[in-house]
Amino acid sequence: MVDRAQHGGRPFRVVIVGGGRVGSALALLLKQTAEFEVVVVDPTEPARRRMEELGLPLAEVDPGNAAQIDRLLAEAQAVVAALPSSATPTVAAAARRNGVHYLDLSDDTAGLEAVRHEARAAAGCFIPQCGISPGLVSQLVLDLVSRVGGAPEVDVRIGTLPRQPGNRFGYGLTWDVDALLREYTQPSTALVAGRRTSLAALSELEQLRLGERDYEVFISGNIPASLCARLEGRVERLTSRTIRYPGHLDYMRFLLDDLKLRGRVDLLRNLFLNALPEIVDDRLLISVTATSSARGSTVEERFTREVVSAPIGGRNVSAMRRTAAAHVAAVLDLLRCGVIGEAGLCLQEDIPFSELSQNRFLSWFFESGVAGMDQKIDRSAAS
């Protein structure tokens, strides 16, 4: 375990590799506390302008330059790879070389396996898949499953949307477009009848009403492999679904199937990047339900939240970015305090839920919001 923390009363130093949406929000959040010191690593011109505007320290270093990264990590306690999943192994290797803690916001891709390989020889604690989903979703699901008992059916519904639909698609750019397209075009990992399986993306359309608004929900994304492994044989069903404004799925199927862009994802990517607006005033919707039936009675536990953009350090930060950044910051805080931190791989499912939910960076997510929001699901539209 890293033992550089608090030498001579110095703050916990974090190197954030990647000055994009979540990386800059995380740096801004940590900057508000005296216990952390941050530097953002990003050699791009947009990052330079962004950090200058936000007043954040920037090292214009190529993450692939091992010598320069090693110099930065020599005085750090942790490094966060706020990069696409394919770029995280390089940062993980640097963390292993320098004996520092490592965090990222990756999903279940080949990059994750490379990170896990680095963790086997690491002196620091390696915690991949921070953020919302993967990330927060694992702790939320495990908590609800523990409450209902039995072998429940669990539905994870998550969506980041513009505050108001500004186009027929009802959508805009809120996060990594490549990750979005993977969710829309690749099979969705799930548990069905207690066993791991794959479901077709964009299938099982449902109508969802949260509060006073109507949405549509469909299969998309993955239940993290580590969560599947933890719950396989313990739950009847565990699925990942995406929340969108009504009509979105029909347009998406038109693009993928009618226009045959499923086989030309590169064209679809360029179309999204050039045509869809960048969304800052967004809404993050999370609805996780666990339902268990035994001896003629049904028990249901539900966690529902609506998060909107809010200021951090005087700067307005989108709902998705501030929630993902808050989860990473909370995990870093648990590392700083020694709650977690054993050398090697630490899965999201291994992080104590009580400690995470009460942490100063994330407690607002569990205390506020719309836990009692009315919810109604109509599965008659399933297809």
Side-chain angles (χ1 to χ4, degrees), residues 18-25 42 44-47 49-50 82-88 105-111 131-135 157-189 199-203 205 215-222 240-286 307-309 317-325:
R21 296 180 179 94
V22 178
S24 57
D42 196 317
T44 64
E45 178 61 22
R49 293 196 300 267
R50 189 180 299 114
L83 298 167
S85 296
S86 60
T88 56
L105 296 104
S106 65
D107 49 19
D108 285 325
T109 62
I132 301 170
S133 179
R157 304 177 180 90
I158 299 178
T160 304
L161 304 168
R163 189 78 73 93
Q164 298 293 335
N167 53 39
R168 294 182 184 180
F169 206 41
Y171 195 67
L173 298 178
T174 60
W175 63 302
D176 180 20
V177 69
D178 294 308
L180 172 69
L181 291 176
R182 282 197 300 272
E183 290 197 353
Y184 279 4
T185 58
Q186 296 182 6
S188 173
T189 302
L199 302 176
L202 311 186
S203 63
L205 173 65
Y215 305 93
E216 63 183 24
V217 182
F218 48 85
I219 295 290
S220 172
N222 291 305
S240 169
R241 302 172 188 270
T242 291
I243 302 173
R244 293 289 184 258
Y245 287 119
H248 178 90
L249 177 59
D250 191 48
Y251 280 110
M252 198 65 231
R253 286 173 171 169
F254 170 75
L255 291 170
L256 289 172
D257 300 325
D258 294 4
L259 295 188
K260 296 181 171 47
L261 292 179
R262 188 180 298 276
R264 294 298 308 274
V265 177
D266 57 325
L267 291 181
L268 187 56
R269 179 182 188 274
N270 289 334
L271 180 65
F272 276 23
L273 289 173
N274 288 297
L276 292 180
E278 182 85 14
I279 302 298
V280 176
D281 188 18
D282 62 347
R283 305 163 63 232
L284 170 64
L285 298 172
I286 298 178
V307 181
V308 298
S309 59
V317 179
S318 77
M320 184 278 292
R321 298 172 200 178
R322 78 181 184 103
T323 306

How many angstroms lie between [atom1] in [X] and [atom2] in [Y], if you round to the nearest 0.5 Å?
| X | Y | atom1 | atom2 | answer |
| --- | --- | --- | --- | --- |
| R244 | L202 | CZ | CG | 10.0 Å |
| Y245 | Y215 | OH | OH | 5.5 Å |
| R163 | D281 | CZ | CG | 4.5 Å |
| L268 | L259 | CG | CG | 9.5 Å |
| W175 | L284 | CH2 | CG | 11.5 Å |
| I219 | S240 | CD1 | OG | 7.0 Å |

Original post:
Is any side-chain N of the basic residue among R253 and D258 closer than 4.0 Å to the acidic one's carboxylate O?
Top reply: no
If I compare all heavy atoms of [X] with all of [Y], which pair ends up nearest, and what's the gap?
| X | Y | answer |
| --- | --- | --- |
| A319 | V307 | CB-O, 3.2 Å |
| Y171 | L276 | O-CD2, 3.9 Å |
| S318 | S309 | CA-CB, 3.8 Å |

Hey, does the side chain of [X] reach the backbone of [Y] with a donor-acceptor pair shorter than 3.5 angstrom?
| X | Y | answer |
| --- | --- | --- |
| D282 | L161 | no |
| D178 | R182 | no |
| E278 | G172 | no |
| R50 | G19 | yes |
| S188 | A200 | no |
| R322 | V308 | yes |
| H248 | G170 | no |
| E216 | G247 | yes |

**OP:** Please find out if less than 6.0 Å separates the ring center of F169 from that of F272.
**Re:**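 Ring centres of F272 and F169 closer than 6.0 Å.
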Original post:
I132 and M320: side chain to side chain contact (heavy atoms under 4.5 Å, CB included), yes or no, with the steps?
Top reply: CA-CA 8 Å; I132 301 170; M320 184 278 292; 4.0 Å; yes
Original post:
Is there a side-chain contact between I158 and L285 (heavy atoms, below 4.5 Å)?
Top reply: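 Counting from C-beta outward, I158 and L285 never come under 4.5 Å.
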**OP:** Kindly indicate whether the side chain of V317, heavy atoms from C-beta on, has any atom under 4.5 Å from the side chain of V280.
**Re:** no
Original post:
With D266, which of R264, R262, R269 fulfils salt bridge (charged side-chain N to carboxylate O under 4.0 Å, His left out)?
Top reply: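 The option that passes is R264.
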Original post:
S220 pairs by side-chain contact (heavy atoms from CB on, under 4.5 Å) with which of L180, T185, T242?
Top reply: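 Among L180, T185, T242, the one meeting side-chain contact (heavy atoms from CB on, under 4.5 Å) with S220 is T242.
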Original post:
When you look at L105 and V22, which way does the side chain to side chain contact (heavy atoms under 4.5 Å, CB included) test go after all the steps?
Top reply: CA-CA 9 Å; L105 296 104; V22 178; 3.8 Å; yes
Original post:
Have S85 and D107 got a donor and an acceptor in their side chains that come within less than 3.5 Å?
Top reply: yes
Subject >> Step-by-step side chain to side chain contact (heavy atoms under 4.5 Å, CB included) determination, L255 to L271 >> reply: CA-CA 10 Å; L255 291 170; L271 180 65; 4.1 Å; yes
